[in-house]
Amino acid sequence: MLDIRLIREQPEFVKASLARTGVAPDQIDTLLEYDEQRRKLLREVETLKATRNTVSKEIGKMANAADRDARIAEMRTLGDRISAIDREVAMVEQQQQAALLELRNLPHPDVPDGPDEEHNVVIAQEGEPRTFDFEPKPHWELGTALDIIDFDRGVKLSGSRFYVLKGAGARLQRALIQWMLDLHGAQGYEEVYTPFVVKEQCMWGARQLPKFRDNLYRDVEDDLWLVPTAEVPVTNLHRDEIFDPEQLPRSYCAYTPCFRREKMSAGRDVRGIKRGHQFDKVEMYKFVRPEESYAELERMREDAADTCRKLGIPFRVKALCTGDLGFASTRTYDLELWAPGQNEWLEVSSCSNVESFQARATNIRYRPAIGARPEFVHTLNGSGLGLPRTMIAIMENYQQADGSITIPDALRPYMGGLEAIRPR
RNA sequence: GGGGAGGUCGCAUAGUGGCCUAGUGCGCGGCACUGGAAAUGCCGUAGGGCGUAACCCGUCCUCGUGGGUUCAAAUCCCACCCUCCCCGCCA
């Protein structure tokens with residue numbers, strides 16, 4: 001969530017920044033009216049409370065019964081006024097909070113302007129798409145022929161957008177997870193294993209709520225929500241904590257399944273494993289000092305790029321434009337692997353700086369120096385990488401004319417030395 | 001699921017309506033003593049809101065959370081959350 005003080009002190013700057021993402025300025029004006037009203041009421045009620053506190057102490061020491069009763073009567077009246085104003089304060093605060101939670105983060109000045117994803121800017125590309133002396137197949141054909149992806153039985157178990165990985169396919173995904181965690185470990189990220197279901201409060205803290213309510217699965221009986229990304233539990237690891245100066249930056253990586261209820265358009269990405277209600281992901285996450293967050297974003301982008309690079313698959317990096325920037329993000333880089341079978345670039349990673357947007361909602365702070373006032377940290381998140389799409393890219397790039405799939409060198413140690421997945 | 005005990009300052013504890021402006025010990029920071037240290041002594045050590053307010057200062061709020069009673073609540077009442085112990089069930 002945004003800093004109300006920033007909005008109060010620099011409303012024009014906030015409006016101009018938000019306008020770049022299509023947010024109307026009157027939302028800010030409404031918010032400022034709540035803020036003004038809230039502060040006015042607070043000033044009033046706090047003066048009354050100060051009086052009551054003082055007089056109540058005097059009452060405790062008074063000997064004269066008549067005086068005492070008179071004062072008590074006065075304070076009773078005062079108390080009623082206080083209660084009335086307190087109720088108004090609570091109401092205004094609630095409205096202000098709700099309005100604040102609806103507001104997205106401000107884009108960084110360097111983010112390119114643009115209404116939609118067509119205006120994202122490719123800023124780097126590595127590797128040339130392989131030339132085939134045969135017609136490359138899409139992964140769903142390869143996977144079915146090799147009997148490593150079973151779409152029909154996935155549907156039998158759980159409905160559309162679910163699938164079963166089998167044999168070397170299941171093992172390939174497991175190998176990727178292990179390999180990525182090891183790689184990120186070497187890059188300086190501490191591995192954590194978290195719960196895959198969390199309390200509602202965690203969803204608010206990671207800013208999934210209120211915006212993405214419809215995309216979340218939850219248990220009917222208990223207050224438990226299935227994580228849509230490891231970002232949710234990892235953000236909340238340090239909720240309500242204050243870091244000492246030397247504890248930052250702190251980097252984590254985590255493997256989790258991700259559950260997304262999103263109602264997917266029938267005509268889009270229907271084939272294969274590109275978009276499902278359940279997918280696996282290895283996530284990178286950082287808690288950093290504000291002044292370091294953009295340098296750390298570049299590092300995270302490079303860590304994700306290195307993951308793509310080591311797989312030996314062509315990839316490119318895009319800077320998202322204002323129109324495609326996520327709700328919480330100030331700046332995002334997407335990494336895309338080339339998929340020759342589908343003939344498209346696949347988004348496998350999204351690295352974002354959210355600055356203090358999540359830290360403010362989760363109350364995660366640090367002390368710039370011993371004895372100094374705590375300040376909010378900046379947090380960053382990035383996929384490293386999404387598994388199904390990485391699987392697609394491997395299958396389609398490493399496919400051979402006979403329908404077999406060569407295992408990338410980096411993964412062979414994790415596949416028991418297996419060099420290729422061949423038809424059974 | 002059943003029964004019991006608890007949640008107070010970084011940690012450990014005291015506090016059962018007004019003398020709580022939450023005490024004490026440990027830890028931490030500073031100072032003194034010292035050749036230097038230990039020991040000792042002194043001082044200081046939560047967070048947030050409001051006040052045009054970064055520091056100082058003032059004020060309000062926070063003793064698990066939310067309500068309530070009262071002139072006044074850490075303390076009394078209600079609901080909820082969490083932790084620990086015992087029993088049952090269980091990979």
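In what follows, chains carry the letters A, B, and so on, assigned in the order in which the sequence lines appear, proteins first and then strands, with residues in each chain numbered from 1.
- Atom CZ of A:Arg43 and atom C1' of B:U59 are 13 Å apart (whole Å).
- Using a cutoff of 4.0 Å between basic side-chain nitrogens and carboxylate oxygens, A:Lys15 and A:Glu12 are scored as salt-bridged.
- One can place CG of A:Leu41 at 12 Å from P of B:G51, the figure rounded to the nearest angstrom.
- Summarising the base pairing, B:C90 is matched to no nucleotide, lacking a Watson-Crick or G-U wobble pair whose two defining distances lie under 3.5 Å.
- Listed nucleotides B:G51, B:C71, B:C61 differ in distance to A:Arg8; the shortest reach to its side chain belongs to B:G51.
- Annotation: cation-pi pair A:Arg301/A:Tyr333 present, NZ/CZ under 6.0 Å from the ring centroid and within 45° of its normal.
- Contact annotation for A:Ile59: base contact, defined as any heavy-atom pair under 4.0 Å involving a base atom.
- Checked by atom type, the side-chain pair A:Asp303/A:Tyr189 shows a donor-acceptor distance below 3.5 Å.
- The partner of B:C56, taking Watson-Crick or G-U wobble pairs whose two distances both stay under 3.5 Å, does not exist in any strand shown.
- For A:His238 and A:Tyr252, the side-chain atoms include at least one donor-acceptor pair closer than 3.5 Å.
- For the C1' atoms, the distance from B:A73 to B:A22 is 13 Å, rounded to whole Å.
- If you check every strand for non-hydrogen atoms under 4.0 Å, A:Arg71 touches nothing.
- Of the C1' atoms belonging to B:C11 and B:G1, the separation is 35 Å, rounded to the nearest Å.
- With both pairing distances under 3.5 Å, B:U69 is matched to nothing as a Watson-Crick or G-U wobble pair.
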Show each protein N/O and nucleotides 10-12 of chain B N/O combination with a separation under 3.5 Å, one pair to a line.
none

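- To the nearest 0.5 angstrom, A:Glu355 atom CD is 10.0 Å from A:Leu2 atom CG.
- Pairing for B:C84 is with B:G4, a Watson-Crick or G-U wobble pair whose two hydrogen-bonding atom distances lie under 3.5 Å.
- Donor-acceptor pairing under 3.5 Å is lacking for the side chains of A:Thr256 and A:Lys281.
- Residue A:Leu78 contributes atom CG, which lies 12 Å from atom P of B:C60 at whole-angstrom precision.
- Under the Watson-Crick or G-U wobble criterion, with both distances below 3.5 Å, B:A37 has no partner in any strand shown.
- The base of B:G49 sits within donor-acceptor range of the side chain of A:Glu46, with an N or O pair under 3.5 Å.
- For the residue pair A:Tyr294 / A:Thr330, a side-chain donor-acceptor distance below 3.5 Å is found, with atom types taken as modelled.
- B:A74: no Watson-Crick or G-U partner with both key distances under 3.5 Å is found in any strand.
- Across all strands, A:Arg68 comes closer than 4.0 Å to base atoms (heavy-atom distances).
- Checked by atom type, the side-chain pair A:Gln358/A:Glu231 shows a donor-acceptor distance below 3.5 Å.
- Out of B:G48, B:C71, B:G47, the shortest distance to the side chain of A:Ile242 is found at B:G47.
- Here the nucleotide nearest the side chain of A:Ile72, chosen from B:C50, B:U21, B:C71, is B:C71.
- For the residue pair A:His184 and A:Glu191, no side-chain donor N or O sits within less than 3.5 Å of a side-chain acceptor on the partner.
- Contact between the side-chain N/O atoms of A:Asn53 and the OP1/OP2 oxygens of B:C71 is not found at any separation under 4.0 Å.
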Please tabulate the protein-to-nucleotide N/O contacts below 3.5 Å involving nucleotides 80-83 of chain B, giving atom names and distances.
none

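- Of the charged side-chain nitrogens involved, at least one lies within less than 4.0 Å of a carboxylate oxygen, so that A:Glu296 and A:Lys286 count as a salt-bridged pair.
- Rounded to a whole Å, the CZ atom of A:Arg373 is 11 Å from the C1' atom of B:A53.
- B:C50 atom P lies 5 Å from atom CZ of A:Arg38, rounded to whole Å.
- Counting only heavy atoms from C-beta on, A:Arg52 has its side chain closest to B:C71 among B:C71, B:A54, B:G51.
- The interatomic distance linking A:Ile364 (CD1) with B:G48 (P) rounds to 15 Å, in whole Å.
- To the nearest angstrom, C1' of B:A53 lies 12 Å from CZ of A:Arg39.
- With both ends at atom P, the span from B:G66 to B:G27 equals 34 Å, rounded to whole Å.
- A straight line from CG of A:Asp86 to C1' of B:C50 spans 13 Å, rounded to a whole angstrom.
- Side-chain proximity of A:Ala50 to B:U21, B:C60, B:G51: nearest is B:C60.
- Between the side chains of A:Tyr285 and A:Thr235, at least one donor N or O lies within less than 3.5 Å of an accepting N or O.
- Here B:G27 sits opposite B:U45 as a Watson-Crick or G-U wobble pair (both hydrogen-bonding atom distances under 3.5 Å).
- A:Thr51 and A:Thr54 form no side-chain donor-acceptor contact under 3.5 Å, judged by distance and modelled atom types alone.
- Ranking B:G47, B:U21, B:G18 by closeness to the A:Ser56 side chain, first place goes to B:G18.
- Contact annotation: A:Lys57 side-chain N/O to B:C20 OP1/OP2 distance is not under 4.0 Å.
- Nearest to the side-chain atoms of A:Arg5 among the listed nucleotides B:A53, B:G49, B:C71 stands B:G49.
- In this structure B:C20 sits in no base pair that meets the Watson-Crick or G-U test at under 3.5 Å.
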